[in-house]
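A quick write-up on the structure given underneath.
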Amino acid sequence: MLEAAISAAQNLFSPGPLIGMAIVLPVALASGLIPAGGLPTTSVVLSFAGYIDPWIAMSIVVFSMAAGDITEPVPAILLGVPGARSAQATVLDGYPMAQRGLAGEALGASYTTTLVGGLFGGAVLLAVLPVGRELLKLFGSSEFFLLSLMGILAIAIISAGAFVKGMLTAAFGIAIASIGFTNVGGVVRADMGIDFLWEGFGIVPIVIGLFAIPEAMDLVIGDTPVARERLDTMMKEANKDVLRGMKVALSHKWLMLRSSIIGTFVGAMPGVGGATGHWIAYVQARQTEKGAVDTFGKGDIRGVIAADAANNSSDGGVLIPTLVFGIPGAPGMVLVLAILILSGITPGPPMLSTHLDLTIAMVYIIILANIIVVPIMLLLAPYLARVSAVPPNILAPIVIAVTTLAAYQASRILEDLLVVLAFAVLGVFMKRYGWPRPPILIAVALAPTLERFMWITVNTYGFGLFLRVQSLVLIAMMIALVYMALRVQSVASESAHTAVPDRPGSKVSEESIEDPS
Amino acid sequence: MGKNNRARYGAIFALLAVALMVFALSGCGSDPTQEPAPAPTATTAPADTGQAESPAPAPAATPTPAPADTGQAESPAPAPAATPTPVPAGAPTQAPSETGPAMQESEFAGHFDDEPVTIVVGSAPGGGYDLLARTIARFAPQHLPGEPRRFQIRNVSGGGGLRAWETLLRSDADGRTILTLNINLIRQVLLGREVSGLDLNTLPLIGAPTRVSDPYLICADRHKYSSWDDLLADGSVTIAGGTGGRVPMGAHFVELVGGPMKTIPGYEGSTETLAAFERGELEASTCIQRRDPRLLPELVEDMRWLPLFWWNTRPNQEWLDTLGAPEPYHIYDLPGVDFQDWQKTAFNATVEYNDFLRMYVVHPDTPPGLVQVWRDSYQAVIEDPGFIEAAGIAGYDVGFGSPDDFGQVIDDLLSLPPEGLELVLRLSGIN
């Protein structure tokens, strides 16, 4: 192991991989900054795999993915546009903070916690590599199903106070996710005779339509920048805000640690991946942090900390099944496996023997990406925070143009622009009339995984699911979460909670999920 | 300008931005992923071209289900026992050129020099279709006339392969664009769906890369069963089916006729399947000599595999000796399972059809001479030792499937009675 670790360092810190990472760094930064977008760096590298040294290829790809994930919270916080693969829960508190003129603080907290989460995930990956295979064997499809279900249950938790609306919109999201060619069963479902729908809806156009366009429209119609408070102070004290955010994050070290553990653990579950971890981390923070039930979703910095720690720690987690089993831990990992194969390397157990040095190098790359990118983002944070003060008539068209381009770029299917338009209309109405939008996003992101593992679980375990200790622990956790959510719901009903509109022309001004009625 | 007016203008401007973007992009093509020009001598040809004896690295773990999961395995191919090789029928596609390959090569020597050759792939980068296409792109240049140096992969996902097919139809019929046809599209046609320009009888096929007479062997978990009789007594032995309609065909066939197998769809790829088997979640799986000793040596060393039955060709004796007793049955000889003749015919047709999962086609209007050039070149690529080795690493046994063979397969499929065609579709994972 030590020998492989030294060999990994020698190979990684040679000119080829270093130059590769240096070249891809600005691309990765820009990629994450594009709302719901991302540049196809990995796809480009895929074209060269087999022709270039696998060390260079893997350096570029893993560095690019890690760096891209690090930058994804920026559009979530500044523009209210969740990432397509991560930084989705970040939007719930990050954007309201930006609206209150606290974008710098949110970014400072986000990047501090991102660094901690990333380093934690990398360290865990390094530590469990020798036993990762045996550890993962303890968990089966029933646990993968329950974890996916727990992600969906996050809807119930964060909808506490608007439970019915949350559930209805989640059901709508699952219905949308059901359209198209089914992974299980091999038939086309609910295509309504439209060939385009054979493939179903992509998540990127849904995110952009549902979040980016309505937020941009709202800015223009309200004729206010994102930040509606502290405009002068924010411009002058951006550096201080960022520092304050860093300090606040560091003062919540246990929250960061808990969320990082959740992110890494859920990320390591094959197929469940990073899309679920940050939601579960967010929910646990909401249920366990003092007073969080009342303040989460309204700009509580702890919501940002919980979501982003899990968000970035999952990078290490998803590599565990990818490397030790050759099973993609998350959708992006398919490309990592493809590049390995095209480079003549067999993923799976040989990665822990023949190619152990390359495996360890990937851990180094994740850690390196965090060490390099996070300070850069912290330096940029005061300037990025000022985006929230840009006049709406300048910011909105740019956001709409860039995100629309990102929607097209993600699939290069022209019809996806119509999907953006349709979801934009839906998003505007949902925002206007106080219907929560995040449940649709959660449902669309998790429904395919949930359906796949539900099929497997029902057919293989049946009621045997309730005889597995691992499953019972997860079921108990879910029952506890639902109980707490229902308790909050009943309290909310009693107090007849109403939201106070604070933006002209908008009934619900914050990306709070609570029912304003 | 009043505040309300500004808001309205802003909203209108925002909408215009969207409209402008839609308009601007409507004229855009997709950005093809360039395959760098490989040096024609870049291949590392192994000394032995036979896959079974090839020292190629383990092919198992792939990001998408390799054909291994549906039962393909290693070893040289003795004559198929259960599924006879079809006799080439009348040309199902375009008539080949009257001229011989050498003449055509000289005629088209400079044809591929001016513009890049594009392989359209109907799925996202990284999947099985994409991997194989990129591997073909690495080796194709040295086998095409003039050894063109510019190859590119164009991923056009969407519509279950429909968009990629439409992309091919919109391209020039000059042989510079080929398509790896998505099997889902063929299945939809077999289900009776109209796909513009796609006629299985006149499909402009240049070949398929995965036509291999492999031995398919199903094994159960010896920790749970000791013989086929145990399985019969149990009545329901779980085995992984894949996603997107991929199933281990023989096991699913046994299940459909009432045998003691239960296919569980949803597993993605052979690595996920083996991991599930290893942790005891599944009770049976395909067992493959080329894959298992490398990916999960403990399964072989601990004698976890209990050989049950095979189809297509008999597994080699060395592998069976490694697995230990009992001697597996041929699928049609399984005790307690009765197959009717029409069911066997449908199964045989499905096995043959499955060999053409990743077929390559050109534009239907491509001149016959160019079609023939492609067929010759494509066959040379598939038989290139360097390609065989590279595909092996990706988890694919490769062998050239000719258009004539495919014509026979389609004839067989279309001549089946309705219940036979339905069985074919169910064996293909469509429920």
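In what follows, every chain begins at residue 1, and chains take the letters A, B, ... in the order their sequences are listed.
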Kindly compute the distance separating [atom1] ([X]) from [atom2] ([Y]), expressed to the nearest 0.5 Å.
X	Y	atom1	atom2	answer
I339(A)	L131(B)	CD1	CG	10.0 Å
I456(A)	T238(B)	CD1	OG1	11.0 Å
E281(B)	T457(A)	CD	OG1	7.0 Å

Fill in the blank from the handout: Whatever's closer than 4.5 Å to a heavy atom in chain B on L340(A) counts as neither
Problem - Main-chain N/O of G266(B) paired with R452(A) side-chain donor or acceptor, under 3.5 Å - result: yes
Completion exercise
Note: L342(A) and R138(B) closest approach over all heavy atoms is O-NH1, 3.8 Å
Practice task
Quick one: closest heavy-atom pair of R279(B) and F139(A), and the distance?
Solution key: CD-O, 3.5 Å
